[in-house]
Amino acid sequence: MCGIVGYLGRNKASEILVEGLSKLEYRGYDSAGIAVLDEGKIDVNKCKGRLANLESKISNKTVKGSLGIGHTRWATHGEPSDVNSHPHTNEAGTIAVVHNGIIENYIELREWLISEGYNFKSQTDTEVIPHLVDYYYNGDLLDAFIKATKKLSGSYAIGIICKDEPNKLIAVRKDSPLIVGVGEEESFIASDIPAILNHTRDIYLLEDNEFVIIDNNGIKILNSDKEEIKKEIFHVTWDANSAEKGGYDHFMLKEIHEQPKAVKDTLAGRITLGEKVKLDDVKISKEELESINRVYIVACGTAYNAGVVGKSILEKTIKLPVETDIASEFRYREPIIDKNTLMIVLSQSGETADTLAAIRLAKENNARVLAITNVVGSSIAREADDVLYTWAGPEIAVASTKAYVTQIITLYIVALYIAEMKGTMTEEEINEIKEGLLGLSDKIATIFKYEDEIKAIAESNKDKEDMYYLGRGLDYAVAMEGSLKTKEISYIHSEAYAAGELKHGTIALIEEGTPVIALATQENLFEKTVSNVREVSTRGAKVLGIAMEGHDTIEKVVDNVIYIPRVSPILAPVLSVVPLQLFSYHIAKARGCDIDKPRNLAKAVTVE
Ligand code: F6R
């Protein structure tokens with residue numbers, strides 16, 4: 001995830017910025033840069049790769065200035081490269097900007113600025129910001145910056161400096177975190193607390209649409225009408241380690257809680273009510289889509305589980321046969337692939353060897369390949385014909401959570417895109433799903449209120465050796481992911497079963513006290529699932545049910561139930577997986593497991 005640091009004080013800004021950025025390295029990044037106001041001009045140094053590259057770039061320079069901004073970039077728009085790294089400047093190099101988040105309307109703004117005579121160097125969404133501020137600049141940076149931000153839609157935390165206002169650092173936030181550090185005759189901005197902990201523990205937490213102006217008179221926080229806002233100082237008591245995890249005990253838990261934002265970001269600019277789906281990087285034409293008669297979804301592990309959800313979503317919406325395959329199996333089973341095949345590959349890392357091999361096989365046979373990945377410029381992104389990025393931000397815990405959820409979100413987006421092009425759904429049906437999608441972020445957040453209850457249930461199961469997850473249809477697909485989460489982080493043996501299939505053998509394993517997690521969110525399958533749950537509960541299973549609000553008849557056959565908010569059944573997987581992630585996390589924690597780095601597992605599997 002991108003990181004921002006900004007400084008105005010008495011010391012050498014370049015050193016403080018680089019040190020601050022080093023404290024944000026844990027968030028993941030692909031390039032780094034700083035801009036320092038030095039001897040009347042803004043000196044920008046930035047490059048692709050590790051922070052060490054930036055350090056060696058500036059090591060033989062004497063940048064003495066004490067005002068500057070720095071950034072570590074996690075690419076979203078444009079591959080990792082020197083030119084795409086932040087800070088970005090206006091053409092004259094008098095205004096420099098760092099930005100976290102996504103500017104949804106950057107294409108329109110870019111076109112408009114080009115028509116006004118501006119030239120762009122990078123592929124980023126960020127570069128519109130310094131040009132916009134330049135457009136409005138008339139000797140008052142704050143004024144120009146406020147006008148520029150009024151033109152932006154999307155999420156942002158932005159830090160800005162200007163050569164002509166040499167003792168001023170301005171920043172703003174909207175839907176992307178930003179804090180202000182209060183030091184002794186020095187002030188800071190940062191996207192996260194660890195960046196400034198070595199200098200101060202006193203911070204202001206900015207709210208959306210609040211601007212901070214740091215100058216020689218101190219710190220002022222204003223709204224967009226330039227009215228001053230009084231804020232309490234928040235004194236940080238966390239140590240550096242827990243500050244990195246935002247106060248959570250593990251990255252996995254932090255990432256579970258980041259899912260509302262990850263979902264919102266992934267939808268941003270792509271799904272808007274009353275507008276057609278927008279996909280910048282997907283170039284497949286209507287004619288090419290018309291010729292597709294078969295779809296494969298290919299992936300590994302959790303991404304494969306997202307693909308199983310994807311099969312149902314696509315079949316229901318684009319009315320074509322869809323097969324989901326495990327990448328390591330796919331190419332050895334002689335699949336039928338030709339120019340009328342669309343292959344969708346899912347991969348958080350974009351580097352999974354088996355998934356990459358499947359792409360190569362598909363391309364040798366003239367299929368069209370669409371990659372859904374979280375890493376811009378990864379091998380899978382480069383080899384596919386089209387790429388759609390999940391904007392989950394880097395996932396640090398080995399066990400995937402927010403990447404899974406955003407992969408499913410991206411599959412809905414693809415499904416609606418194809419359905420709109422091919423006319424396989426009515427406008428009303430499409431709008432209903434779009435509306436549902438836009439409401440998911442808030443709905444995920446409401447599930448967290450059950451966390452203590454889920455934790456207590458998890459703790460009561462910590463000594464079990466086997467567990468079963470049941471569901472039908474989309475619930476079965478989510479059960480597979482719940483089961484994988486449980487085994488990989490808690491080391492409890494777990495299996496997912498299609499609820500109706502259990503009685504054909506596996507039910508023999510159910511005995512007094514066997515834990516069963518039963519998903520029953522699908523309206524049309526609810527009664528049938530309840531009957532299957534009764535089959536296990538009457539044999540002694542201890543059942544945790546996951547159902548939609550209003551389906552309280554499930555309480556007759558389960559021991560505990562967690563309700564997810566009401567949503568169209570096709571969208572339920574994005575909600576129902578959340579209690580399963582929390583359940584697995586809390587069991588693993590109760591068992592004392594190394595949650596963020598489970599034994600024998602790696603984050604990117606680059607061997608076949
Ligand atoms: C499990 C998990 C793995 C990955 C799998 C594929 O939590 O993260 O199962 O999903 O190794 O990795 P990617 O998505 O990087 O291709």
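We count ligands from 1, going down the list as the structure has it; atoms in each ligand are counted the same way.
- Protein heavy atom at the shortest distance from atom 11 (O) of ligand 1 is Val605 CG2, 4.0 Å.
- The heavy atom nearest to atom 12 (O) of ligand 1, out of those in Ile489, Thr352, Ile372, Val398, is found in Thr352.
- Looking at atom 14 (O) of ligand 1, its nearest protein heavy atom turns out to be Gln348 N, 2.6 Å.
- With a 4.0 Å cut-off on non-hydrogen atoms, Glu488 touches ligand 1 through its side chain and not its backbone.
- At least one N/O-N/O distance between Lys485 and ligand 1 falls below 3.5 Å.
- Using a 4.0 Å cut-off between charged side-chain N and carboxylate O, Asp249 and Lys589 make a salt bridge.
- The salt bridge (charged side-chain N to carboxylate O under 4.0 Å, His left out) check on Glu288 picks up Arg368, with sequence neighbours excluded.
- In summary, Asp325 and Arg333 engage in a salt bridge, as defined by a charged side-chain N under 4.0 Å from a carboxylate O.
- Remark: Arg599 is positioned above the aromatic ring of Tyr491, its terminal NZ or CZ atom under 6.0 angstrom from the ring centre and at most 45 degrees off the axis.
- Residue-ligand proximity, Ala399 to ligand 1, at heavy-atom distances under 4.0 Å covers atoms 7 (O).
- Protein heavy atom nearest atom 8 (O) of ligand 1, with residue, atom name and distance: Ser400 CB, 3.3 Å.
- No cation-pi contact links Lys254 to Tyr248, judged by a cut-off of 6.0 Å to the six-membered ring centre and 45° from its axis.
- Nearest to atom 6 (C) of ligand 1 by heavy-atom distance, out of Ala299, Cys300, Gly301, is Cys300.
- Contacts classified as ring pair (Phe, Tyr, Trp, His ring centres under 6.0 Å) and involving residues 354-403 (residues at least two apart or in different chains) are given here: His77-Trp391.
- The nearest heavy-atom contact from the protein to atom 15 (O) of ligand 1 is Ser349 OG, 2.6 Å.
- A salt bridge links Lys261 to Asp265: at least one charged side-chain nitrogen sits closer than 4.0 Å to a carboxylate oxygen.
- Applying the 6.0 Å contact sphere to NZ of Lys339 captures no more than 12 heavy atoms from other residues, nucleotides or ligands.
- Nearest protein heavy-atom contact of atom 10 (O) of ligand 1 is Thr302 N, 3.1 Å.
- Ligand 1 places these atoms under 4.0 Å from at least one heavy atom of Ala303: 10 (O), 14 (O).
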